[in-house]
Amino acid sequence: MRAIRSLVGGEPLDGAPGGAFTISNPARLDDRVATASLGDGETFLDACRRAKAAQPRWAEVPSPVRGRAI
């Protein structure tokens, strides 16, 4: 089974402060395909703070390069 973790500041989030969520195959609901580790409210705030801090450097990247990244 695949494990999915959130990225905060470009680093995978350790643990699952918001719990874990099992993801099923939509065609066969008894087939579990992945487990997602969930963040909590503090994880979300930390991600927002880091994104805001990173934005000025991201804005310096030429738009064609940003477009390819997205």
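In this chain, numbering begins with 1 at the start of the sequence shown. Here the structure is a predicted model, which is why all the values come from computation and not from measurement.
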Residue pairs, two or more places apart or on separate chains, that pass salt bridge (charged side-chain N to carboxylate O under 4.0 Å, His left out) and touch residues 51-70: none
Hydrophobic cluster membership, Phe44 vs Val8, 4.5 Å side-chain cutoff: no
Fellow cluster residues of Met1, listed by chain then number, with links counted only when side-chain atoms sit under 4.5 Å apart: none
Nearest non-hydrogen partners of Pro17 and Asp40, listed with the distance: CB-OD2, 3.5 Å
Under the side chain to side chain donor-acceptor pair (under 3.5 Å) test, residues paired with Ser6 that sit two or more places apart: none
With sequence neighbours excluded, residues passing side-chain contact (heavy atoms from CB on, under 4.5 Å) with Pro26: none
Pro56: side-chain contact (heavy atoms from CB on, under 4.5 Å) partners, not counting sequence neighbours: none
Pairing residues for Asn25 by the side-chain contact (heavy atoms from CB on, under 4.5 Å) criterion, not counting sequence neighbours: Ala27, Arg28, Asp31, Val33
Partner residues of Arg50 under the side chain to side chain donor-acceptor pair (under 3.5 Å) criterion, sequence neighbours left out: Asp46
Leu13: hydrophobic cluster co-members (side-chain, 4.5 Å): none
With sequence neighbours excluded, residues passing side-chain contact (heavy atoms from CB on, under 4.5 Å) with Ser37: Arg5, Ala16
ILVMFWY cluster membership beyond Leu45 - transitive side-chain contacts under 4.5 angstrom: none
Separation of Thr35 OG1 from Ile4 CD1 (nearest 0.5 Å): 8.0 Å
Salt bridge (Lys or Arg N to Asp or Glu O under 4.0 Å) against Glu42, all qualifying residues, sequence neighbours excluded: Arg49
Residues clustering with Leu7 (ILVMFWY side chains joined when closer than 4.5 Å, directly or via others): none
Cluster check Ile23, Leu29: I/L/V/M/F/W/Y, side chain < 4.5 angstrom: no
